Novice: 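The following block contains the structure, expressed as structure tokens.
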Amino acid sequence: MAPRDSAEPLPPLSPQAWAWSGKFLAMGALAGFSVLSLLTYGYLCWGQDLEEEGSLRARVDERPEAGTAGTSQPHLIFILADDQGFRDVGYHGSEIKTPTLDKLAAEGVKLENYYVQPICTPSRSQFITGKYQIHTGLQHSIIRPTQPNCLPLDNATLPQKLKEVGYSTHMVGKWHLGFYRKDCMPTKRGFDTFFGSLLGSGDYYTHYKCDSPGVCGYDLYENDNAAWDYDNGIYSTQMYTQRVQQILATHDPTKPLFLYVAYQAVHSPLQAPGRYFEHYRSIININRRRYAAMLSCLDEAIHNVTLALKRYGFYNNSIIIYSSDNGGQPTAGGSNWPLRGSKGTYWEGGIRAVGFVHSPLLKNKGTVCKELVHITDWYPTLISLAEGQIDEDIQLDGYDIWETISEGLRSPRVDILHNIDPIYTKAKNGSWAAGYGIWNTAIQSAIRVQHWKLLTGNPGYSDWVPPQAFSNLGPNRWHNERITLSTGKSIWLFNITADPYERVDLSSRYPGIVKKLLRRLSQFNKTAVPVRYPPKDPRSNPRLNGGVWGPWYKEENKKKKSNKTKAKKMQKKKSKARMRKQLAARSSTKCHPSVATG
């Protein structure tokens with residue numbers, strides 16, 4: 001078919017494309033039907049540390065309900081799951097039971113056109129700054145434990161802005177935004193308290209992490225110090241929930257609260273307490289079974305957090321936001337079906353996330369939002385809800401989308417820069433020629449503009465992994481729909497509204513649209529700051545720091561050296577001044593002989 005002009009309106013899918021869509025919708029329906037038989041069993045008991053919700057409601061009035069007196073500013077609760085797949089929630093058809101998430105989402109607003117980043121650090125940095133990676137220098141990969149790198153200190157963070165308008169700010173869970181300097185730590189970036197891990201992953205019970213052989217250490221912190229007192233084998237999901245309960249029990253609900261809960265689950269290593277496996281013995285694939293148990297424990301944890309919000313008088317004036325940080329990893333038990341790709345890729349399976357908002361303050365409850373929403377949008381949205389101010393000279397990439405979520409209005413967002421990574425250029429056949437002289441398609445990049453999504457370079461693992469792929473004992477890709485990227489391919493175009501599963505590449509059919517999106521990429525790239533991805537520093541080894549992962553850049557030593565240098569300079573100046581005086585005195589003696597005193 002001949003190329004169409006770029007000025008034409010957004011085209012519908014071709015009959016062939018609709019045929020593909022129909023086939024796979026049917027497959028999805030069959031897959032959904034097949035899991036219904038798995039949903040008949042009961043669910044695990046709730047946590048023992050809180051009473052059942054029914055009996056609890058009668059006791060809610062033990063403390064004053066926030067919103068009745070004190071603050072008009074809502075309590076902001078942001079819960080971030082780690083590596084939860086798009087399918088891995090009950091209301092998306094999963095065989096994994098998530099009654100809490102299902103109930104909170106059904107009573108709130110489900111975000112069904114919601115995007116994050118494909119890996120940990122980028123999503124967290126964009127949430128806390130409201131800026132794309134290209135504007136913080138974190139375009140490439142994640143922050144590694146041994147790298148002298150962290151979220152740039154010149155970026156005003158969300159908790160810092162909330163503190164300006166009277167919020168108490170607390171973080172519980174995974175940081176993963178760098179820690180090589182003390183100034184990079186959560187308590188120096190706006191949080192009043194921090195309890196959690198600094199790295200991207202670690203053992204759920206021992207809180208121990210090896211980055212490489214011989215480079216291992218303890219990774220659990222209370223504020224700025226290693227939390228050795230908590231080295232008692234408590235599973236991190238439960239331990240973090242207990243800390244959230246403690247914060248809520250001791251905070252005055254008439255004072256505004258920002259609580260950022262970044263659970264470690266369901267990131268590998270795949271570990272869970274034994275009782276959570278009870279209802280998943282029928283899952284033969286061991287990774288999927290462990291993952292299911294972890295997700296059930298996480299669901300229970302969020303149930304207990306919700307009960308605590310009610311018990312201690314926060315709930316009626318609270319806004320609860322739930323999000324995954326990226327797509328699931330099929331090799332570690334996660335499922336993004338029917339989306340394409342996985343964690344670490346720019347296919348929809350890597351960046352389209354589970355997300356919802358639950359709050360008594362929503363105007364339209366029990367609805368589905370299909371407007372475009374991105375993780376950068378929480379920064380201006382939450383600051384606006386908190387009655388805060390955003391400096392005019394700060395260039396944000398996020399938008400205030402509260403009215404979109406609460407009232408169903410159109411989203412102010414029309415595009416998303418998923419990323420431009422100038423270091424990742426593994427598309428061997430990418431070139432300027434393939435990008436019409438506008439863009440080098442060897443560069444890994446992805447952008448969404450209205451209905452259209454463009455990818456260049458190597459977007460990453462591109463299979464569709466259906467539920468039956470998890471039916472075997474070991475890793476088995478027999479059921480996967482394998483895609484072999486054609487030789488020379490380095491650019492793709494999809495109409496995501498019509499083809500959310502990225503089945504039909506339209507790049508050759510609509511070159512005009514491709515050129516428009518390439519120009520948009522080029523415009524974004526002109527605003528990019530240099531990439532921050534330094535080599536590892538051997539001083540980061542926990543062996544050199546008491547067996548603990550933590551700041552190793554000794555700023556005190558630098559200050560001492562600086563002070564010594566200043567002292568030496570002052571000494572030299574004084575010495576030079578004395579010499580000048582002595583020379584002046586000598587010359588004065590020669591010109592003016594002394595008078596005899598008799």
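All values below were derived from every heavy atom in this structure, side-chain atoms included, with hydrogens, water molecules and symmetry-related copies excluded. A quick note: this is a predicted structure, and the numbers were derived from the prediction, not measured.
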Novice: Side chains of Thr98 and Asp102: donor-acceptor distance under 3.5 Å anywhere?
Specialist: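 Thr98 vs Asp102: donor-acceptor pair found between side chains.
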Novice: Mind telling me whether Tyr204 and Tyr235 have parallel, tilted or perpendicular rings, with 30° and 60° as the class edges?
Specialist: parallel
Novice: Charged N to carboxylate O under 4.0 angstrom, Arg352 versus Glu112?
Specialist: no
Novice: Indicate yes or no for a side-chain donor-acceptor contact from Ser168 to the backbone of His251 under 3.5 Å, with no hydrogens or angles considered.
Specialist: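 No.
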Novice: Knowing that exactly one of Phe127, Tyr132, Tyr114 qualifies, which makes a ring pair (Phe, Tyr, Trp, His ring centres under 6.0 Å) with His374?
Specialist: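 Testing each of Phe127, Tyr132, Tyr114 against His374, the sole residue satisfying ring pair (Phe, Tyr, Trp, His ring centres under 6.0 Å) is Tyr132.
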Novice: Using a strict cut-off of less than 4.0 Å between a Lys/Arg side-chain nitrogen and an Asp/Glu carboxylate oxygen, indicate whether Arg340 and Asp463 qualify as a salt bridge.
Specialist: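 So Arg340 does not pair with Asp463 through a salt bridge.
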Novice: What are the two closest heavy atoms between Lys97 and Tyr280, and how far apart are they?
Specialist: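 Residues Lys97 and Tyr280, closest heavy atoms: N-OH, 3.0 Å.
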Novice: Between Trp552 and Asp537, what is the shortest heavy-atom contact and its length?
Specialist: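 Between these two residues, the closest heavy atoms are NE1-OD2, 3.0 Å.
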Novice: Does a donor on one side chain and an acceptor on the other come within less than 3.5 Å for His358 and Tyr315?
Specialist: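 Judged by distance alone, the side chains do pair up.
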Novice: Determine whether a donor-acceptor pair (N or O, by modelled atom type, separation under 3.5 Å) exists between the side chain of Gln117 and the backbone of His418.
Specialist: yes
Novice: Kindly indicate whether the side chain of Arg543, heavy atoms from C-beta on, has any atom under 4.5 Å from the side chain of Cys216.
Specialist: no
Novice: May I ask you to decide if the ring planes of Tyr424 and His140 are parallel, tilted or perpendicular, using 30° and 60° as cut-offs?
Specialist: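 Correct class here is tilted.
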Novice: Only one of Tyr230, Trp228, Trp549, Tyr208 clears ring pair (Phe, Tyr, Trp, His ring centres under 6.0 Å) with Tyr218; which?
Specialist: Trp228
Novice: Is Glu502 salt-bridged to Lys453, cutoff N-O under 4.0 Å?
Specialist: yes
Novice: Taking salt bridge (charged side-chain N to carboxylate O under 4.0 Å, His left out) as the criterion, tell me which of Lys188, Lys182, Arg181 meets it with Asp224.
Specialist: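 Among Lys188, Lys182, Arg181, the one that satisfies the salt bridge (charged side-chain N to carboxylate O under 4.0 Å, His left out) with Asp224 is Lys188.
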Novice: Can a salt bridge be assigned to the pair Arg124 and Asp82 using a cut-off of 4.0 Å between side-chain N and carboxylate O?
Specialist: yes
Novice: Mind checking the CD1-OG spacing from Ile320 to Ser359? Nearest 0.5 Å is all I need.
Specialist: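 If we round to the nearest 0.5 Å, Ile320:CD1 and Ser359:OG are 7.5 Å apart.
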Novice: Does the side chain of Tyr115 pick up a donor-acceptor pair with the side chain of Glu348 at under 3.5 Å?
Specialist: yes
Novice: Does a side-chain N-to-carboxylate-O contact under 4.0 Å join Arg288 and Asp88?
Specialist: yes
Novice: Compute whether any side-chain donor of one residue and acceptor of the other, for His267 and Ser201, lie under 3.5 angstrom apart.
Specialist: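 Judged by distance alone, the side chains do not pair up.
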